[in-house]
Amino acid sequence: MRALLVVPRLPGTGYTGDRVRAELHLEALATLGARVTLVGGLPPGRGLPSLPGVAEVRGVPLRPWGLPGRLLRAAVRGWPLQAALFDGSWDEALAGTGPVDLVVLVLARLHPRLAPLLPRAPLVVDYVDALSEAARQNASRDPALWRRLYWRAEAVRLSRAEAAAARGARLLLATTPLDAAALPSGTEAIAIGAHVGPPPPRERGPLVVFSGRMGYRPNAVAAELLLREIWPAVRARVPRAELVVGGADAPRALRRLAGATEGARLVSPVPDMRALLSSAKVAAVPVEMGTGTPNKVFEALEAGCAVVATPAAAERAALDGVAAPLRTASDPASFAREVAALLEEDGAAEALGEKGRAFVVAHADRRIVALRLARLLRTAAAEVA
């Protein structure tokens, strides 16, 4: 099989969900013995990554200049304004990539720009997240008024792009049933999954971790809420407790806030996320906005952390119809109580952490998820038009 995988940003060039999703597709295509050509955005200052199992990597340098003009172009053409962030020489990169047996396009916001350039072959569209649904959430929940107004308009453009990408595609994918339900009919849910490592240590100190890419708005908002409103109440009950906010691309304001918060520190980027999570007793996930797989939840569960999450994050963490074993809290006061209780109750965090790891092994092992995806891709390539 010859496959073309087109992604917004090449894996190995940063920390975003679409890059992780691209890695899953590469794992699935490798199990099929596919000869893969990978085409994706190359952020400024990054070289082409070396990726095992990829026959050819073509990078599209993403332009750091001229954003106003690109935004205007997207607006005039009715594209999602986010498409302007991924403008580049896609025409050149995609020239001569056919003939292929399968085309996999990750993220519908690329579709308006790239659809005319893709070779004629069975098409798989992986939405990853229901971006229009995320935009609708942000339009009502983001603290900043100007952001709410932007997301209200962007939701319409994203919804249009999602519908257009579905037309003519053999297979539509998303990461959760909630996302699939908000996307065009027939979208199938398949999780990203988590790499299962060796058993983590059971005994841990009173360390709490919030993880995720801090350049992602829902994470930054949640981290600020944790530092300002939740963490002081936890420290009042458990004075020895420590908090680490860890993830790439932390903005300056968040760094300053963490530095001024007693018992807290920020690490950005994190050299070894699993090592950090394996030392934590509790993972705090006070995330309200966003769609798609909550990777931070699965990574924490795999590392044996007890997890406290909002109901919204917990709902997205369910797999195979089974709820993830974690505690939920819907407001800062109850969130602080749940975190503090797990730090105080003898053996409670350890027991919940063991259940969480067993859940990931049973439902989210990346190797098993990749095999499921491989079967779907094989079927899409083999179907007769």
Side-chain angles (χ1 to χ4, degrees), residues 1-11 18-19 21-42 48 51 53-62 73-74 77-80 82-83 86-128 131 157-174 180 183-188 190 370 372-385:
M1 177 192 293
R2 294 162 298 177
L4 172 64
L5 176 59
V6 185
V7 299
R9 293 164 285 210
L10 291 172
D18 56 277
R19 290 175 171 102
R21 191 65 163 181
E23 292 172 359
L24 176 64
H25 278 284
L26 289 176
E27 291 180 43
L29 290 167
T31 68
L32 298 176
R35 185 185 188 279
V36 179
T37 298
L38 175 64
V39 179
L42 191 63
L48 284 177
L51 298 167
V54 179
E56 183 181 9
V57 179
R58 299 187 182 189
V60 178
L62 300 178
R73 177 191 183 198
R77 299 194 177 193
W79 298 348
Q82 297 174 32
F86 304 100
D87 199 14
S89 53
W90 292 96
D91 309 59
E92 180 181 337
L94 288 167
T97 52
V100 294
D101 302 298
L102 186 69
V103 176
V104 180
L105 176 66
V106 175
L107 281 191
R109 63 188 172 201
L110 288 183
H111 185 268
R113 169 76 171 88
L114 302 187
L117 307 176
L118 299 175
R120 295 181 63 85
L123 174 65
V124 174
V125 174
D126 191 338
Y127 294 105
V128 186
L131 293 177
R157 297 173 181 272
L158 287 166
S159 182
R160 188 185 303 130
E162 289 165 350
R167 292 192 285 270
R170 294 277 182 87
L171 176 64
L172 305 175
L173 298 171
L183 288 162
S185 177
T187 301
E188 298 195 38
I190 185 163
R372 293 176 184 169
L373 177 58
R375 287 193 291 270
L376 292 173
L377 296 181
R378 181 191 291 115
T379 301
E383 285 180 353
V384 178

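P80 has its side chain out of reach of L131: every pair of non-hydrogen atoms, C-beta onward, lies at least 4.5 Å apart. Residues V124 and L376 form no side-chain contact, since every pair of their non-hydrogen atoms from C-beta on lies 4.5 Å or further apart. Under the 4.5 Å side-chain criterion, counting only non-hydrogen atoms from C-beta, P61 is in contact with S89. Counting heavy atoms from C-beta outward, L373 and E27 have side chains that stay 4.5 Å or more apart. At least one side-chain heavy atom of R113 sits less than 4.5 Å from a side-chain heavy atom of R73. Contact annotation: the side chain of R58 approaches that of T97 to within less than 4.5 Å [non-hydrogen atoms, C-beta and beyond].
Surrounding CZ of R35 are at most 12 heavy atoms belonging to other residues, nucleotides or ligands under 6.0 Å away. Other residues, nucleotides and ligands contribute more than 12 heavy atoms inside 6.0 Å of the CD atom of E56.
Smallest separation of non-hydrogen atoms from L29 and A3: CD2-CB, 4.0 Å. Between R19 and R9 the shortest heavy-atom distance is NH2-CD, 3.4 Å. The two atoms that bring A161 and P112 nearest to each other are CB-CG, 4.0 Å, heavy atoms only. Taking all atoms of both residues into account, the shortest heavy-atom contact from V100 to P119 is CG2-CG, 3.9 Å. Closest of all the heavy-atom pairs between L172 and P184 is CD1-CB, 4.2 Å. Contact between V125 and A165 at its shortest, heavy atoms only, is CG2-O, 3.5 Å.
Between the CG atom in L48 and the CG atom in L42 there is a gap of 5.5 Å [rounded to 0.5 Å]. Note: L123 CG to H111 NE2 = 6.0 Å, rounded to the nearest 0.5 Å. Atom CG of L173 and atom CG of L105 lie 11.0 Å apart (nearest 0.5 Å). Here the straight-line distance linking atom CZ of R372 with atom CG of L24 works out to 11.0 Å at 0.5 Å rounding.
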Would L4 and L94 count as a side chain to side chain contact (heavy atoms under 4.5 Å, CB included) if you check the C-alpha gap in whole Å, the side-chain angles of each, and the deciding distance to 0.1 Å?
CA-CA 9 Å; L4 172 64; L94 288 167; 4.1 Å; yes
Do L107 and F86 pass the side chain to side chain contact (heavy atoms under 4.5 Å, CB included) test, and can you show the C-alpha distance, the side-chain angles, and the key distance before you say yes or no?
CA-CA 11 Å; L107 281 191; F86 304 100; 5.5 Å; no
Evaluation steps, side chain to side chain contact (heavy atoms under 4.5 Å, CB included), between Q82 and L158
CA-CA 9 Å; Q82 297 174 32; L158 287 166; 3.6 Å; yes
Verdict with supporting geometry, R378 and D101, salt bridge (Lys or Arg N to Asp or Glu O under 4.0 Å)
CA-CA 10 Å; R378 181 191 291 115; D101 302 298; over 6 Å; no
Apply side chain to side chain contact (heavy atoms under 4.5 Å, CB included) to V39 and V60, showing your working.
CA-CA 7 Å; V39 179; V60 178; 4.1 Å; yes
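Shown are L5, T37, L10; of these, the side-chain contact (heavy atoms from CB on, under 4.5 Å) with V57 is made only by L10.
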